Amino acid sequence: MTAPVLKVSDLKKSYGAIHAVAGVSFEVLPGEIFGVIGPNGSGKTTMFNSVLGQITPDAGRIELNGQDITRLSPVELNQRGVGRTFQTLQVFGKMSVRDNLIVAAQEHQGSMFGRMFAPGDSGLGARADALIDQFRIRHVADKKAGELSYGQQKLVDIAMAFMSEPDLVLLDEPCAGVNPSLVGGISTLLKELNKTRKGSFVVIEHNMDFVMDLCHRILVMVEGKVMALGTPAEIRSNKQVLDAYLGA
Ligand SMILES: Nc1ncnc2c1ncn2[C@@H]1O[C@H](COP(=O)(O)OP(=O)(O)OP(=O)(O)O)[C@@H](O)[C@H]1O
């Protein structure tokens, strides 16, 4: 059996009486695009932020490639090959698109000392250029990120998560606020990145068409628990999921 890239076991996080994540377990396989869906308040973001070291879970274990990463900081996780995007844009508006990408990777490369004595852009320029071409944003590469449309900034934001060449990327609502005409483009891009860069992705998203088209398997969370886990076809025909969520 293939060893998972990410293994989450019996994860729990409460806020007072609210059991935001109440014993969630799942595995993400190498090369898999794994979707996480569920109604508002079902615990998706809390689960995500626990995996990403942004919040400390009350209980449970998180493994990356067989190693315990529970309670590691976001920086440590990034250095171990975990990338992420946020619901809100993280681009630096006054910097060029290309420089945004380079800075994103410098964060990953660690110490200020290392950065000061590294030659030039330490090869990051070439990496940024490859992503600029793959994301089809060459025509805006030298523009200030703040001058781009929201959709273009979202593409830059996603590209930034790939600058550290991560094994695992967690994408928090990549379609939120994006013009519907760009949603298909993001899906195509993520499929391409998944093929060419061989990483695994975990995607939280409310856009159901996007999730069903993009993901190999989907986890449905309801009230902090796993209601279902399966292929898009299995999730679409799951009566419990239809009643609680999709059929609404
Ligand atoms: N910092 C916090 N303090 C108190 N309660 C919180 C906190 N963060 C989340 N919660 C509660 O935990 C539950 C799960 O919230 P969470 O944001 O994880 O859900 P979600 O599925 O990501 O929702 P959405 O789709 O709206 O982003 C909710 O009841 C929420 O109000």
Side-chain angles (χ1 to χ4, degrees), residues 6-28 32-62 64 69-74 77 82-90 150-151 153-154 157-158 161 168-180 182-183 186-187 190 200-215 217-230 232 234-236 238 240-248:
L6 177 70
K7 182 172 177 179
V8 173
S9 310
D10 206 17
L11 192 71
K12 292 181 182 159
K13 176 73 185 178
S14 296
Y15 295 104
I18 300 171
H19 301 302
V21 177
V24 166
S25 302
F26 64 91
E27 294 182 355
V28 179
E32 186 169 39
I33 307 184
F34 188 89
V36 180
I37 64 172
N40 291 329
S42 57
K44 304 179 297 293
T45 306
T46 305
M47 180 276 286
F48 222 59
N49 286 338
S50 302
V51 170
L52 287 158
Q54 228 90 33
I55 57 175
T56 310
D58 299 331
R61 182 179 166 93
I62 304 160
L64 180 71
I69 57 159
T70 327
R71 297 182 180 79
L72 288 192
S73 71
L77 289 170
V82 181
R84 82 162 297 178
T85 69
F86 292 81
Q87 261 175 42
T88 50
L89 291 173
Q90 302 294 308
Y150 183 84
Q153 290 190 51
K154 196 84 183 172
D157 200 53
I158 297 173
L168 175 70
V169 183
L170 289 91
L171 299 118
D172 197 351
E173 299 198 28
C175 298
V178 168
N179 189 310
L182 192 68
V183 168
I186 293 180
S187 179
L190 290 174
S200 304
F201 305 161
V202 181
V203 186
I204 294 184
E205 183 52 60
H206 285 285
N207 184 324
M208 228 25 73
D209 292 339
F210 176 85
V211 174
M212 294 289 172
D213 169 63
L214 175 70
C215 299
R217 288 191 304 149
I218 297 167
L219 174 83
V220 185
M221 283 185 71
V222 175
E223 293 177 359
K225 297 198 174 102
V226 177
M227 172 174 274
L229 174 58
E234 286 165 352
I235 295 302
R236 251 200 220 104
N238 182 309
Q240 211 187 351
V241 174
L242 283 171
D243 289 348
Y245 183 41
L246 292 181

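Quick note: numbers below take in every heavy atom, side chains included, and nothing from hydrogens, waters or symmetry partners. Model, not experiment: these values are computed from the prediction. Every number for a ligand or one of its atoms is a count from 1 in the order of the listing.
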Result block: side-chain N/O donor-acceptor pairs under 3.5 angstrom for residues 7-14, not counting sequence neighbours:
from, atom 1, to, atom 2, distance (Å)
Lys13, NZ, Thr56, O, 2.9
Ser14, OG, His19, ND1, 2.8

Sub-3.5 Å pairs, protein N or O with ligand 1 N or O:
from, atom 1, to, atom 2, distance (Å)
ligand 1, 18 (O), Thr46, N, 2.9
ligand 1, 18 (O), Thr46, OG1, 2.5
ligand 1, 19 (O), Gly43, N, 3.1
ligand 1, 21 (O), Ser42, N, 3.0
ligand 1, 21 (O), Ser42, OG, 3.2
ligand 1, 21 (O), Gly43, N, 3.0
ligand 1, 21 (O), Lys44, N, 3.0
ligand 1, 21 (O), Lys44, NZ, 2.8
ligand 1, 22 (O), Thr45, N, 2.8
ligand 1, 22 (O), Thr45, OG1, 2.6
ligand 1, 23 (O), Gly41, N, 2.8
ligand 1, 25 (O), Asn40, OD1, 3.3
ligand 1, 25 (O), Lys44, NZ, 2.7
ligand 1, 25 (O), His206, NE2, 2.9
ligand 1, 26 (O), Asn40, OD1, 3.1

- Note on the structure: For Ile158 and Ile186 the tightest heavy-atom approach is CD1-CG2, 4.1 Å

- Query: When rounded to the nearest 0.5 angstrom, what is the spacing between OG in Ser25 and CZ in Arg61?
  - Reply: 12.5 Å

- Message: Testing the 3.5 Å rule here: is there a donor-acceptor pair between the side chains of Asp213 and Ser187?
- Response: yes

- Message: Are there over 12 heavy-atom neighbours, none belonging to Gln54, within less than 6.0 Å of that residue's CD?
- Response: yes

- Query: Ignoring hydrogens and geometry, is there a side-chain-to-backbone donor-acceptor pair from Asn238 to Val241 under 3.5 Å?
  - Reply: yes

